[in-house]
Amino acid sequence: MWGLIASLVGGGFKDWLQGRQKLEQIREEAKVARVANGIPGWSDEFLVLVWSYPFIAQFMPGIRESALQGLTAAAELPGWYIGGFMSISFAVFGINKLFQWKKK
């Protein structure tokens with residue numbers, strides 16, 4: 001009788017453990033798929049705002065001067081910083097969108 005009870009309890013635990021492992025595997029696969037489909041979060045929206053701000057600010061009298069000062073200051077940034085910013089921007093906009101376009 002104890003053998004029967006142990007096999008029932010052990011079998012239930014084994015099934016529960018297998019189900020939990022399968023759920024973890026599905027979660028990991030979903031996480032990989034999300035990352036493969038693009039950078040998660042607000043990165044696209046943030047970069048659109050950063051890139052659009054100087055252009056939009058030219059049409060707003062109260063902030064036009066500060067936008068021009070910001071662009072003048074950006075011209076003095078080191079080349080490695082500008083290159084890094086451009087690389088990140090191209091990675092978010094260019095490469096990701098190119099891969100999505102080619103999949104279609």
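Numbering starts at 1 and runs along the sequence shown. This one's a predicted model, so the numbers in the text were calculated from it and none came from an experiment.
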> Parallel, tilted or perpendicular: which fits the ring planes of Tyr81 and Phe85, with parallel below 30° and perpendicular above 60°?
Replying inline: parallel

> Just wondering, do Phe55 and Trp51 contact through their side chains at under 4.5 Å, heavy atoms?
Replying inline: no

>> According to a hydrophobic-cluster definition based on side-chain heavy atoms being under 4.5 Å apart (Ile, Leu, Val, Met, Phe, Trp, Tyr only), do Met60 and Leu68 belong together?
In response: no

>> Is it the case that the side chains of Gln25 and Glu29 hold a donor-acceptor pair, with the cut-off being a distance below 3.5 Å and no angle test?
In response: yes

>> On a heavy-atom basis, which atom in Ala74 and which in Ile82 lie closest, and how many Å separate them?
In response: O-CD1, 4.0 Å

> Same cluster or not: are Phe46 and Ile56 linked, directly or through other Ile, Leu, Val, Met, Phe, Trp or Tyr residues, by side-chain heavy atoms under 4.5 angstrom apart?
Replying inline: no

>> Would the distance check show the side chain of Ser52 and the main-chain N or O of Leu49 forming a donor-acceptor pair, the cut-off being under 3.5 Å?
In response: no

> Looking only at heavy atoms, what is the nearest atom pair of Leu71 and Pro54, with distance?
Replying inline: CD1-CB, 3.8 Å

>> Same cluster or not: Leu47 versus Phe90, using hydrophobic residues (I, L, V, M, F, W, Y) connected whenever any side-chain heavy atoms lie under 4.5 Å apart?
In response: yes

> Atom CD in Gln58, atom CD in Glu65: separation rounded to 0.5 Å?
Replying inline: 9.0 Å

> Cluster question for you: counting only ILVMFWY and a side-chain heavy-atom cut-off of under 4.5 Å, with indirect links fine, are Val50 and Tyr53 together?
Replying inline: no

